[in-house]
Enquirer: 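Okay, handing you the structure first.
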Amino acid sequence: MYFVYLALCADKSIYTGITNNLSRRLKAHQKKRGGGYTAAHAVKKFIYAEPHRSRSKALKREYQIKQWPKKKKLVLASQGRPAKAYQ
């Protein structure tokens with residue numbers, strides 16, 4: 001199982017990523033490991049996550065979401081699945 005997630009950063013930016021372990025990935029982001037963007041823009045918390053059965057499907061969805069403006073990502077997070085539900 002893979003997850004596409006949205007992370008809220010300290011500067012209020014939104015990072016979109018995938019992982020197969022949400023809690024491990026959040027800890028890595030908070031230690032500034034595993035990504036250049038999140039090392040420079042400290043991750044506070046995950047605000048959204050959605051499960052996918054394959055890495056391929058998760059990557060396609062991640063790409064789709066990354067094309068969206070921030071406002072649309074925030075709407076998804078407010079109407080969608082809180083990341084806490086999967087941790």
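One-based numbering along the sequence shown.
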Enquirer: Does OH belonging to Y63 count more than 12 external heavy atoms closer than 6.0 Å?
Expert: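 No.
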Enquirer: What closest approach, in Å, do I18 and R55 show between heavy atoms, and which atom pair accounts for it?
Expert: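 Where I18 meets R55 most closely, the heavy atoms are CD1-CG, 4.3 Å.
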Enquirer: Grab the two heavy atoms, one from R24 and one from N20, that are nearest each other, plus how far apart they are.
Expert: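 Closest heavy-atom pair between R24 and N20: NH2-OD1, 3.0 Å.
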Enquirer: With side chains defined as the heavy atoms from C-beta onward, is the minimum distance between L8 and V43 less than 4.5 Å?
Expert: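 They are not in side-chain contact.
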Enquirer: Taking all atoms of both residues into account, what is the closest heavy-atom pair of Y37 and C9, and its distance?
Expert: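 Reported closest heavy-atom pair: CE2-SG, 4.1 Å.
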Enquirer: Would you say V75 ends up clustered with L6 if hydrophobic residues are merged whenever their side chains have heavy atoms under 4.5 Å apart, either directly or through other cluster members?
Expert: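 No; V75 is not reachable from L6 via cluster members.
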Enquirer: Quick check for you: to the nearest 0.5 Å, what is the distance between T38 atom OG1 and R33 atom CZ?
Expert: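 Reported value, rounded in 0.5 Å steps: 12.0 Å.
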Enquirer: Dump the intermediate steps for side chain to side chain contact (heavy atoms under 4.5 Å, CB included) on H29 and F46, then the final yes or no.
Expert: CA-CA 10 Å; H29 280 314; F46 288 167; 3.9 Å; yes
Enquirer: What's the shortest heavy-atom distance between K44 and A10, and which atoms?
Expert: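 The pair with the smallest heavy-atom distance is CD-CA, 3.7 Å.
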Enquirer: Assess whether side chain to side chain contact (heavy atoms under 4.5 Å, CB included) is satisfied between R25 and F3, documenting all intermediate values.
Expert: CA-CA 11 Å; R25 189 67 174 146; F3 298 90; over 6 Å; no
Enquirer: Report yes if some heavy atom in the side chain of Y5 is under 4.5 Å from a heavy atom in the side chain of L26; otherwise report no.
Expert: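 Side-chain contact under 4.5 Å: no.
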Enquirer: Check step by step if side chain to side chain contact (heavy atoms under 4.5 Å, CB included) holds for I47 and L74.
Expert: CA-CA 9 Å; I47 58 172; L74 290 172; 4.3 Å; yes
Enquirer: So how far is it from H52 NE2 to M1 CE, rounded to the nearest 0.5 Å?
Expert: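 Interatomic distance, H52 NE2 to M1 CE, rounded to 0.5 Å: 10.0 Å.
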Enquirer: Is it the case that over 12 heavy atoms from other parts of the model lie below 6.0 angstrom from the NZ atom of K70?
Expert: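 Buried by this count: over 12 neighbours within 6.0 Å.
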Enquirer: Looking only at heavy atoms, which two atoms of L22 and A49 are closest? And how far apart?
Expert: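 Scanning both residues, the minimum pair turns out to be CD1-CB, 3.8 Å.
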Enquirer: For atom NZ of K27, decide whether the heavy atoms of other residues, nucleotides or ligands shown that lie under 6.0 angstrom number more than 12.
Expert: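 Atom NZ in K27 is not crowded, with 12 or fewer foreign heavy atoms closer than 6.0 Å.
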Enquirer: What pair of heavy atoms forms the shortest contact from T16 to K66, and how long is it?
Expert: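 Closest pair (atom of T16, atom of K66, distance): O-CE, 3.0 Å.
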Enquirer: Whether the side chain of K57 engages the backbone of Y2 through a donor-acceptor N/O pair (distance < 3.5 Å, no angle test) should be reported.
Expert: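 Here the side-chain-to-backbone pair does not exist.
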